[in-house]
> 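Below is the structure I would like to discuss, written out as structure tokens.
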2 protein chains.
Amino acid sequence: MAQSDTVDRILDAAEELFADRGFSETSLRMITSKAKVNLAAVNYHFGSKNALIHAVFARFLTPFSATLENAFDQLEERCDGKPPTLNQTLWALTESAVRMPQRNEKGISIFMRLLGLAYTQSQGHLRKFLEQEYSEPFSRFMRLLKEATPQLSSVDRYWRIQFMLGATAFTMSSSDALRDILQNKLGVETTVQEIAARLVPFLAAGMQAEDAMLIPPAGSKVSVA
Amino acid sequence: MAQSDTVDRILDAAEELFADRGFSETSLRMITSKAKVNLAAVNYHFGSKNALIHAVFARFLTPFSATLENAFDQLEERCDGKPPTLNQTLWALTESAVRMPQRNEKGISIFMRLLGLAYTQSQGHLRKFLEQEYSEPFSRFMRLLKEATPQLSSVDRYWRIQFMLGATAFTMSSSDALRDILQNKLGVETTVQEIAARLVPFLAAGMQAEDAMLIPPAGSKVSVA
DNA sequence: GTCTGTTTGAAACATACGTTTGAAGCGCAT
DNA sequence: ATGCGCTTCAAACGTATGTTTCAAACAGAC
């Protein structure tokens, strides 16, 4: 082997185990034994467990954010001047995710699950790392969302973006389990691409919902306690 | 004190710490020192850490599921025969959550955050526990959703329910942080009730979206890899 | 007051963790 | 063949965890 694939073996094993079980629940000993490398290799090559977590994210997030920037560039070019629609923006995002070159067939779902965990399993160091490294494509996405929904108040848009993030992160973070359940209950196979294709219209519709906030259905009393 | 409030003090402390930091990241020593009780008290009163987690959930989930059953009863009675609408069903759920008697002002958001964690931080034992204990109100809610969206295929409905759960669990589980951000950025105060009031129309609109799955916007190519 | 069952207390237990150490192994230029 | 980085290895370190132990404290009944 050219020059020791230990680093990649560690990253592969860590990625999969993190996606399966979360960060705190995955020990370095699990990782190194799955990767068939010595326990000390992690600290030798990465420095610490947290640094390994960062490296796992960087390995797919860096190419992804480049892909995403390209997709946004093309989209804005195609729209010359006019702001892209909400659907176009969401599709640009999902296509970038889905079209990423995968290391293996599980690549995309591991990717999604890790992103979900990053949001959910709020490890302070990870949040900070991601914000520092990838703030640019993120705020560009936010700007596109804003231009695509000028009818929304800032507050409404803010909350609906959180709802979108939640639906996405949550679904993707448990997509394997959800796919299995669906397989057992209805005998239907599902790919991550199909999940994304179902998710986008849901998000777009929710994002553009008429605000019925102050008009709960007859018979129920709004609690203002 | 009538008869040792140790149990409640442990539950209070555990609830708050779990909501703040997750289950694995919260040690029994943190709990017992916050609760100002002896370390061994947890194992004495509950038997194990996992059993304590179950007890924390049971303490609010049992009254909640009773409240929810009542709300569904009243709703179905009011609709005599006809299936309740999607909006009515969602409102019944949110109102039951919001109207629950709270131990303190943080009650509802802790409640929500714990529910989010239960789904997200997939501890096998917790999943099993919740499914065994609270399957009945859950499947009743599912039945109502099904009757309220007869136009959806089973598969579509399944995924959209997951999207709803995700948006809800995720938003509520980080509602404190999100409220703070909004407060700092736009100077707007928000209550959990208001978040719920914004969430319901978003969910209802997403749930009833026209299925544009196979019609991505012009210019983008659907990946069927 | 004394006994009895329940609850608390301080200490220890066994285990698992992330990290560090120092020697051994390796490829490669000299 | 020798020496020099870089990498691997087995072993240990210190710390933190969940759990157990057993004596002390307590409450209520007699």
Side-chain angles (χ1 to χ4, degrees), chain A residues 1-59 117-118 121-129, chain B residues 1-59 117-118 121-129:
Chain A
M1 49 215 69
Q3 157 241 350
S4 158
D5 54 348
T6 304
V7 168
D8 288 308
R9 298 243 300 285
I10 292 175
L11 285 173
D12 289 340
E15 183 177 85
E16 202 160 330
L17 285 170
F18 286 153
D20 270 9
R21 330 172 20 97
F23 304 113
S24 311
E25 293 80 1
T26 302
S27 73
L28 291 186
R29 284 168 175 82
M30 292 179 200
I31 294 171
T32 53
S33 83
K34 180 182 177 96
K36 292 194 175 45
V37 301
N38 187 273
L39 168 61
V42 169
N43 283 278
Y44 175 76
H45 286 287
F46 297 95
S48 70
K49 183 183 180 180
N50 280 354
L52 169 61
I53 296 177
H54 297 174
V56 166
F57 275 87
R59 183 166 66 150
L117 285 181
Q121 206 147 319
S122 74
Q123 307 242 19
H125 68 95
L126 223 192
R127 265 257 167 83
K128 227 164 270 179
F129 170 77
Chain B
M1 50 216 69
Q3 155 238 350
S4 157
D5 54 350
T6 303
V7 168
D8 289 307
R9 297 242 299 286
I10 293 174
L11 285 173
D12 288 340
E15 182 178 85
E16 202 160 329
L17 285 169
F18 285 153
D20 270 8
R21 330 173 19 99
F23 304 112
S24 312
E25 293 80 2
T26 302
S27 72
L28 292 185
R29 283 169 176 82
M30 293 179 199
I31 294 170
T32 53
S33 82
K34 181 183 176 95
K36 293 192 174 45
V37 302
N38 188 272
L39 168 61
V42 170
N43 283 280
Y44 174 76
H45 286 288
F46 297 94
S48 70
K49 184 182 179 180
N50 280 353
L52 169 61
I53 296 177
H54 296 174
V56 166
F57 275 87
R59 184 167 63 151
L117 284 181
Q121 207 145 320
S122 72
Q123 307 240 21
H125 69 96
L126 223 193
R127 266 256 168 81
K128 226 164 271 178
F129 171 77

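Reminder, nothing fancy here: chain letters follow the sequence lines and each chain counts from 1. It should be emphasised that the depicted structure is a prediction, and the values quoted were computed from it without experimental measurement.
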> Please walk me through it: do A/D20 and A/T26 pass side chain to side chain contact (heavy atoms under 4.5 Å, CB included)?
CA-CA 9 Å; A/D20 270 9; A/T26 302; over 6 Å; no
> Round to the nearest Å and state the distance from B/D8 atom CG to C/dT7 atom P.
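To the nearest whole Å, that distance equals 13 Å.
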> Let's see if you can work this out: which of C/dG18, C/dT8, D/dT17 has an atom nearest to the side-chain heavy atoms of A/S27?
C/dG18
> Walk me through whether A/I31 and A/K49 qualify under side chain to side chain contact (heavy atoms under 4.5 Å, CB included).
CA-CA 10 Å; A/I31 294 171; A/K49 183 183 180 180; 5.6 Å; no
> Step by step, work out the side chain to side chain contact (heavy atoms under 4.5 Å, CB included) result for A/F23 and A/L126.
CA-CA 11 Å; A/F23 304 113; A/L126 223 192; 3.9 Å; yes
> Take atom CZ of B/R29 and atom P of C/dA12, then tell me their distance rounded to the nearest Å.
13 Å
> Let me know the distance between CG of A/L17 and P of C/dC17, rounded to the nearest Å.
12 Å
> Between B/T6 and C/dT7, does any side-chain N or O lie under 4.0 Å from OP1 or OP2?
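Looking at the OP1 and OP2 atoms of C/dT7, neither is under 4.0 Å from any side-chain N or O of B/T6.
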> Let me know the distance between NZ of B/K49 and P of D/dA16, rounded to the nearest Å.
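Value for this atom pair: 15 Å.
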> Give the rounded distance in Å between these two atoms: CD1 of A/I10 and C1' of D/dT7.
11 Å
> Restricting to non-hydrogen atoms, name the atom on B/L117 and the atom on B/F18 that form the minimum distance, rounded to 0.1 Å.
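Here B/L117 and B/F18 meet closest at CD1-O, 3.2 Å.
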> Would you tell me if any nitrogen or oxygen in the side chain of A/H45 comes within less than 4.0 Å of OP1 or OP2 on D/dC6?
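No.
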> Does anything in residues 32-44 of chain A come within less than 4.0 Å of DNA chain D? Heavy atoms only, and list the residues if so.
A/N38, A/A40, A/Y44
> Should the ring pair B/F129 and B/H54 be called parallel, tilted or perpendicular, given that the plane angle runs from 0 to 90° and is split at 30 and 60?
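Judged by the thresholds at 30° and 60°, the geometry between B/F129 and B/H54 is parallel.
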> To the nearest 0.5 Å, what is the distance between CG on B/D12 and CZ on B/R59?
4.5 Å
> Whole Å only: how far is the CG atom of B/L28 from the C1' atom of C/dA10?
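Rounding to the nearest Å, CG of B/L28 and C1' of C/dA10 are 17 Å apart.
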> What is the separation between atom CZ on A/F46 and atom C1' on D/dT8, rounded to the nearest whole Å?
15 Å
> Mind checking the CE-CG spacing from A/M30 to A/L39? Nearest 0.5 Å is all I need.
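Spacing of CE (A/M30) from CG (A/L39) equals 12.5 Å.
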> Rounded to the nearest angstrom, tell me the gap between atom CG in A/L52 and atom C1' in C/dT19.
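It is 14 Å, rounded to the nearest whole Å.
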> Looking for any heavy atom pair under 4.0 Å, which part of the strands does A/T26 touch: base, sugar-phosphate only, or nothing?
sugar-phosphate
